[in-house]
Amino acid sequence: MTNNTNIDKINSFQKQEQKQEMKHQVITFVLMIVFTLIAFLAVASDLDKIFVIPLILILAVVQVGFQFYYFMHMKDKGHEIISTLIFSGIWIAAVAILTFTTIIWW
Amino acid sequence: MSIASTQKRGFGAILWDYLTTVDHKKIGNMYIAAGAFFFILGGLEALIIRIQLVKPENDFISAGLYNEMITMHGTTMIFFAATPLLIGLMNAIMPLQIGARDVAFPFLNSLGFWLFLAGGLLMNCSWFLGGAPDAGWTAYAPLSVVSPGHGTDFYVMGLQLSGAGTLMGGINFLVTIVTMRAPGMTYMRMPLFTWTTFIASVLILFAFPALTVGLFLLMFDRMFGSAFFDIALGGNSIIWQHLFWIFGHPEVYILILPAFGMFSEILPVFSKKRLFGYTSMVFATILIAFLGFMVWAHHMFTVGLGPTANAIFSVATMAIAVPTGIKIFNWLATMWGGSIKINSAMLWTLAFIPSFTIGGMTGVMVAISTADYQYHDTYFVIAHFHYVIVGGVVFGILAGLTYWWPKLFGKVLNETLGKIAFWLFFIGFHLTFFIQHFLGLMGMPRRYWVFLEGQGLDTGNLISTIGAFLMAIGSVVFVYNVIITSIKGEKAPADPWGDGRTLEWSIPSPPPEYNFKQLPLVRGLDPLWIEKMEGNNKMTPAEPLDDIHMPNGSILPFIMTIGFTIASFGFIYQVDHSAWLIAVFGGMAIALGTMLARSLKDDDGYHIHKEDLEKEVD
């Protein structure tokens with residue numbers, strides 16, 4: 001009997017976890033759709049380019065973050081190597097882009 | 001040895017076995033064999049270059065053929081000799097060092113090998129099909145865009161094929177090391193060769209895409225009329241240089257880091273001492289890789305990047321000398337007070353330290369951007385990079401081959417012949433390249449097919465050519481050693497050096513196809529040494545004896561590669577006649593069809609049963 005209660009406890013813990021996880025997934029999904037709508041509306045409206053372009057870029061960065069951390073589970077345990085590699089790649093690409101924009105195209 | 005592989009088989013069966021194998025050890029051996037073939041090819045090209053330069057205004061070969069020679073020598077040596085020899089050693093040894101039964105993706109491993117081989121052979125086909133590439137191994141635009149004939153097209157397609165293969169290899173090694181380490185093998189217990197394989201694979205993962213992009217742009221400029229590098233149409237030819245070196249500089253670390261790893265394996269074994277400063281060695285390796293991505297423009301100081309960019313890249317380059325220096329001192333400290341045994345593997349290692357340090361010192365010299373205006377495109381640069389690549393990478397490969405030969409092929413190489421090969425090669429190497437520093441300082445430019453009389457360059461070039469021949473004789477002795485050993489050599493025990501410290505020496509030489517009957521329990525750095533010190537002569541198993549799951553062999557990677565190769569020929573020749581598009585579509589159909597077949601048909605592999613394992617003697 002004690003065994004069973006233990007398993008029940010584990011099950012309820014897992015259920016709780018999964019519920020929490022599902023909540024996060026839905027919230028990020030809704031937020032991403034909202035962000036996309038904002039981006040489209042910003043382009044459609046008559047707002048100044050100086051404002052719209054950075055806004056869209058910021059929204060894009062946040063969406064990429066959501067994608068990585070929530071949908072691709074980078075926030076979970078056991079993803080340390082993956083995030084290290086992804087951030088190394090981002091860093092290398094950033095250095096290359098910085099160089100290209102400053103000494104080739106500028 | 002397993003029962004099946006000790007039986008005599010016909011030539012056809014063996015050939016089929018190698019065409020379909022997904023065993024990391026056999027693929028490693030094929031990489032090494034193919035790499036050796038291309039090494040000899042590149043070496044012959046080097047000899048032709050040196051014969052042409054033996055005396056002033058020589059006419060041994062024409063100017064055009066000379067350009068083809070230097071291009072093919074550089075490309076062959078970097079992409080088709082050094083890289084595959086290293087990848088071969090990584091393939092064969094790294095899984096053994098971490099206690100794995102194979103790499104993570106055996107099918108992909110086989111595909112990577114065949115793509116590399118097809119790329120190398122494709123590029124060398126150009127010799128017989130109207131002339132080899134002749135725009136230098138760096139293929140700078142706009143020269144490479146306007147270079148007539150199909151030579152540069154072969155360069156583009158050959159590198160694209162083999163580059164895809166190398167990228168697959170790199171990803172495979174990464175996943176293998178992350179996911180398949182034996183119980184107890186934490187990151188900080190991994191042997192240094194495994195660490196450097198890991199870091200070199202990270203570099204492959206991030207560097208090769210830049211080459212792929214550059215080659216695609218060049219391919220479209222040459223074959224489909226785009227103008228990425230055509231200034232008259234709004235393109236920019238400097239972009240090629242940047243893309244090439246964003247790849248090219250990490251590439252030299254992809255070559256040197258595994259060599260560093262091998263020396264870090266050899267020194268502790270033959271000094272009978274733990275590697276000095278293991279943690280700092282790992283840290284230095286990571287730091288070299290990190291900095292290696294931020295220095296590529298030091299190849300372009302004279303392009304006119306401006307003083308700010310030059311200064312940044314100059315300082316970043318010099319910073320690399322710091323982690324490299326840490327490594328040099330750690331190697332010296334490893335030997336300090338050790339019980340040193342000098343054999344041919346150790347000789348290559350001992351010769352590497354001063355040779356590579358000279359190359360590193362001239363590296364700091366050319367890193368000074370103001371001084372580089374003097375050195376750029378002279379023989380000084382030639383001398384510098386041959387000191388690091390021959391004195392570092394080639395010495396490393398030869399040391400590693402000598403050290404792991406018994407593990408790879410089950411026989412110890414002959415020591416006397418190994419020493420003769422070493423001394424000939426070592427003396428030849430310094431004769432060839434040391435004098436080139438001074439030829440460069442005297443103003444001899446690189447890539448010129450003749451030099452004039454009475455400018456003080458005659459003697460230096462003669463000495464250099466004599467040295468090249470000594471290196472060639474040394475290589476011949478090494479090959480002779482390989483042949484004589486495979487005929488007469490005696491079978492090697494599991495640990496032929498007696499002082500093996502890492503897991504690969506705990507299993508038979510050569511290992512059975514499943515490597516470890518039971519996965520070993522790793523209790524620290526140098527796991528076999530720990531067991532030896534506690535009086536056990538073998539590893540403690542981490543699991544009970546059980547069925548072993550093995551992947552099935554497959555011919556699909558070979559067919560896929562043939563498809564891509566046919567398509568490459570199609571791409572090269574469709575410029576002349578659109579009928580060649582049939583080859584493009586046909587080849588791609590074969591390749592994609594094979595991929596489809598692979599995706600749809602499940603391959604569950606097979607099991608080696610517990611009962612059969614019990615029957616085999618250790």
Side-chain angles (χ1 to χ4, degrees), chain A residues 3 6-7 10 13-14 17-18 21 24-25 28 32 43 49-50 52-54 56-106, chain B residues 170-171 174-179 181 187 198-199 201-211 213-214 228-229 231 234-247 249-250 286-287 289-298 300-301 303-313 316:
Chain A
N3 254 343
N6 267 342
I7 288 170
I10 290 166
F13 175 72
Q14 272 176 347
E17 283 274 279
Q18 278 167 357
E21 178 71 27
H24 284 305
Q25 296 274 343
T28 33
M32 283 175 88
V43 176
K49 257 191 188 174
I50 308 276
V52 173
I53 292 173
I56 293 178
L57 286 178
I58 290 167
L59 291 178
V61 169
V62 176
Q63 290 212 23
V64 169
F66 279 161
Q67 179 76 33
F68 278 159
Y69 279 90
Y70 286 91
F71 295 157
M72 288 162 75
H73 296 279
M74 244 166 73
K75 67 177 170 46
D76 298 349
K77 265 187 191 162
H79 288 65
E80 295 82 8
I81 291 282
I82 294 165
S83 32
T84 315
L85 285 176
I86 285 181
F87 282 111
S88 313
I90 291 174
W91 166 248
I92 289 159
V95 170
I97 290 168
L98 180 74
T99 315
F100 273 49
T101 43
T102 48
I103 63 176
I104 306 181
W105 295 320
W106 180 47
Chain B
I171 293 171
L174 281 178
V175 180
T176 307
I177 294 173
V178 172
T179 60
R181 282 166 290 126
Y187 281 105
F198 185 63
I199 300 297
S201 303
V202 175
L203 292 175
I204 288 175
L205 178 65
F206 293 135
F208 268 78
L211 178 71
V213 169
F228 294 109
F229 304 129
I231 295 145
N236 189 337
S237 54
I238 295 299
I239 292 174
W240 167 267
Q241 294 192 23
H242 278 285
L243 286 173
F244 186 84
W245 288 117
I246 287 175
F247 148 77
H249 198 78
I286 296 171
L287 200 59
F290 177 74
L291 290 171
F293 269 103
M294 284 172 278
V295 296
W296 76 87
H298 66 209
M300 305 162 57
F301 280 152
V303 162
L305 306 171
T308 317
N310 274 6
I312 292 170
F313 283 107

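Numbers restart at 1 for each chain; the letters A, B, ... are given by sequence-line order, proteins then strands.
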(request) Specify whether A:H24 and A:Y70 have parallel, tilted or perpendicular ring planes, treating 30° as the upper limit for parallel and 60° as the lower limit for perpendicular. (result) tilted

(request) Side chain from CB out, backbone as N, CA, C, O: work out which of these in B:L305 comes under 4.5 Å of a heavy atom of chain A, or both, or neither. (result) both

(message) Taking CD1 in A:I50 as the centre, count heavy atoms belonging to other residues, nucleotides or ligands within less than 6.0 Å. Is the count above 12?
(response) no

(message) Please verify the inter-ring angle class for B:H249 with B:H298; under 30° counts as parallel, over 60° as perpendicular, anything in between as tilted.
(response) perpendicular

(request) Pick one of side chain, backbone, both or neither for A:S88, based on which atoms fall under 4.5 Å of a heavy atom in chain B. (result) both

(message) Determine whether a donor-acceptor pair (N or O, by modelled atom type, separation under 3.5 Å) exists between the side chain of A:H79 and the backbone of A:K77.
(response) yes

(message) Counting only non-hydrogen atoms closer than 4.5 Å, does A:L85 touch chain B with its backbone (N, CA, C, O), its side chain (CB onward), both, or neither?
(response) both

